[in-house]
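Below: one structure, written as structure tokens.
Side chains are part of it too, since the values below use all heavy atoms of this structure and drop only hydrogens, waters and symmetry mates. From a predicted model like this one, the values you see are computed outputs, not experimental measurements. Residue numbers start at 1 and run along the sequence shown.
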Amino acid sequence: MAKKNKFIEKIKSFIHGDRDNGRIKWSLYGRVWNEIGRPYIKWLLAGIVFTILAAGAEAYTITLVQQVVDQAFIEKSMAAIYFLGGQVIIAFGAKGAFTYAKSLIMSKGGLLASANLQKKIYKHMVHMNLARFYADGIGKNLNYFGVQAGAVLNLVTGTVVRVVQNVATLVMTLGLMFYYAHQMCIVLMFLAPAIMIPMVIIMRKRRKLSRQSFGIANNVSQQLNQTLHGIKTIQSFAAEEREEKKFANVLNSSMINAYKSTQANALRSPLMEFMISIGLCIAMIMGGHFISSGAITTGDFTAFLLALTAAYKPAKSITSTGDSLQHGLLAAEILFAFLDSKPDVVDAPDARELKSKNMSVGFHEVSFAYNPTEPVLKNISLHVPAGKVCALVGPSGGGKTTLFNLLERFYEPQVGKITVNRTDIKKYSLKSLRENIAEVSQSVFLFNGSIEDNIKYGRPDATHEQVVAAAIAANADGFINEFPDGYETSVGEGGGLLSGGQKQRIAIARAILKDAPILLLDEATSALDTQSEKLIQVALADLMRGRTTFVIAHRLSTILDADIICVIKDGEIIEQGTDAELCALGGEYKKLRDIQFKTESKKIKKSEKSKK
């Protein structure tokens with residue numbers, strides 16, 4: 001009894017597949033069709049119609065061969081040869097025309113569907129949380145556009161048409177085989193299980209490999225992306241050979257996976273050809289008997305053999321179509337999981353627009369952690385009145401930049417709330433909140449375009465004159481005009497064609513032009529020389545006037561006039577007040593101030609001695 005149950009379980013396992021490898025969710029195909037195929041159904045239907053017509057033209061040529069053999073060759077009728085020869089030309093011409101029309105139509109529908117799907121992916125990507133974006137990595141996100149999107153689109157445009165074409169051709173050729181020699185077809189039907197069982201085993205093997213291939217593709221993309229973005233760091237650490245070994249290991253995994261897939265796939269064709277050869281052998285032996293007995297004519301037998309060989313290609317293609325379906329549905333599972341993911345930071349149902357010229361900002365007992373076990377901010381409470389300047393100082397890693405991220409709602413605090421004009425920022429729409437904040441960080445990102453395009457990124461409708469005025473205020477107009485193309489000069493990938501100081505000044509000009517009520521400066525002058533810094537400080541002083549400004553600074557000389565200075569250490573505000581108040585307190589700020597000013601004094605004296 002136990003052996004019987006074990007045997008039954010094996011049969012069920014073979015039918016349903018290996019659960020450990022993950023079953024294919026065939027219901028996904030319905031969603032793929034509804035979201036990607038249905039909008040372009042007229043193109044798909046037209047392509048399918050021409051596909052069936054092409055298959056019909058191919059099947060018709062087989063019937064012509066039967067007539068040629070019986071009427072022209074056996075009966076020796078030249079009139080029949082001329083007539084049937086002309087029909088062969090027409091049939092093949094029609095097949096070519098139908099195939100050409102199908103290719104154009106499906107290409108058009110596929111391009112439209114591809115563009116629409118990639119727009120959906122891009123729209124979702126630019127609205128996703130930073131935490132999710134950084135966790136997944138750029139390589140994985142790029143694969144949504146290339147690997148997964150391509151495989152999913154192939155389900156609609158490529159696989160559907162191939163299935164229709166192959167099934168139509170197979171049905172017509174099998175129909176002709178039954179029509180011309182049904183006796184032989186009944187015998188050959190017993191070969192079907194011998195063909196299908198190994199094909200199913202191979203398909204199961206490739207399913208597992210397909211699932212693994214997506215993860216490996218992500219690793220390859222991630223490694224390439226890190227290399228391209230970190231090429232300077234790699235070379236500066238002389239780590240070329242180390243990175244080459246890492247990439248070689250990743251590629252080796254990809255190669256092994258691809259080779260195993262090829263091993264499984266390569267068995268399909270020999271197995272099919274071997275079974276077809278058995279079928280042809282049986283057909284020839286039986287055909288000889290049936291022709292001798294007069295059951296069928298020579299033309300019938302010739303047409304049967306042609307139909308049998310013609311059925312081989314679509315039958316073989318149908319078995320490989322199962323792989324395409326599996327690969328596409330696995331890709332759809334990954335892609336739809338991404339598209340279905342909901343960002344944690346979203347607008348409230350009753351979110352309103354933030355509109356005010358003067359904005360106060362408050363942090364009310366705010367605590368936050370990127371990792372639950374490692375708190376970054378602890379019980380932060382701070383109120384900055386409208387138009388005032390708040391400087392954040394203290395050791396690196398204290399949580400200063402995180403305050404900026406929370407204010408712009410890139411992340412949500414786990415405890416407490418942040419307010420603008422005494423209203424929780426969650427009650428404002430994300431778009432209006434961020435439109436009212438301008439930020440200049442120490443790590444400047446510029447888009448691959450012209451200098452002017454980058455300056456007016458936060459205000460696309462700005463005129464050229466306004467762009468120039470912002471550049472002048474940021475002390476950037478001088479070096480911009482030194483370029484042959486001036487404001488139309490390309491900055492390169494990430495601003496790679498500019499120096500650090502030039503990028504910083506363009507970023508400041510971008511913030512000046514945006515003209516937002518809240519200004520965030522994260523080491524905004526860190527990449528500037530002393531002379532340029534002094535000029536920028538004047539420009540920033542004008543920019544900060546009347547705006548609620550937060551300044552992160554390690555050079556305390558740049559924030560002595562701030563209305564509020566907060567010393568942040570280990571995620572807590574340990575001191576708060578003006579420069580004079582904190583100096584009188586004699587705490588952490590006073591120590592930092594004394595150390596910096598003594599160091600700067602020594603540098604000045606050393607510089608004066610060298611001049612003498």
Distance, nearest 0.5 Å, that separates [atom1] of [X] from [atom2] of [Y]:
| X | Y | atom1 | atom2 | value |
| --- | --- | --- | --- | --- |
| I48 | W43 | CD1 | CH2 | 14.5 Å |
| M128 | L339 | CE | CG | 10.5 Å |
| L430 | E435 | CG | CD | 11.0 Å |
| E353 | L433 | CD | CG | 10.5 Å |
| I105 | K102 | CD1 | NZ | 10.5 Å |

What are the two closest non-hydrogen atoms of [X] and [Y], and how far apart are they?
| X | Y | value |
| --- | --- | --- |
| S490 | L497 | O-CD1, 3.6 Å |
| L335 | A149 | CD2-CA, 4.3 Å |
| A348 | K426 | CB-O, 3.7 Å |
| A91 | T61 | CB-CG2, 3.6 Å |
| N34 | P39 | O-CD, 3.9 Å |
| P343 | H127 | CB-O, 3.9 Å |

Flag the pair [X] / [Y] as yes when at least one side-chain heavy-atom distance between them is below 4.5 Å, and no otherwise.
| X | Y | result |
| --- | --- | --- |
| I121 | M125 | yes |
| F50 | T99 | no |
| R459 | D461 | yes |
| V491 | D453 | no |
| L170 | T173 | yes |
| S450 | E488 | yes |
| L446 | L498 | yes |
| Y457 | N454 | no |

- Ion pair check, K95 and E58, cut-off under 4.0 Å: yes
- Quick one: do D347 and R352 make a salt bridge, cutoff under 4.0 Å? no
- Going by the angle between their ring planes, with limits at 30° and 60°, are Y411 and Y370 parallel, tilted or perpendicular? perpendicular
Donor-acceptor contact present, side-chain [X] to main-chain [Y], <3.5 Å:
| X | Y | answer |
| --- | --- | --- |
| N116 | L112 | no |
| R409 | S429 | no |
| H124 | F338 | yes |

Taking [atom1] in [X] as the centre, count heavy atoms belonging to other residues, nucleotides or ligands within less than 6.0 Å. Is the count above 12?
| X | atom1 | result |
| --- | --- | --- |
| K120 | NZ | yes |
| F410 | CZ | yes |
| F336 | CZ | yes |

- Evaluate the criterion side-chain contact (heavy atoms from CB on, under 4.5 Å) for residue pair Y487 and I455; output intermediate values, then yes/no. CA-CA 9 Å; Y487 284 83; I455 291 176; 4.3 Å; yes
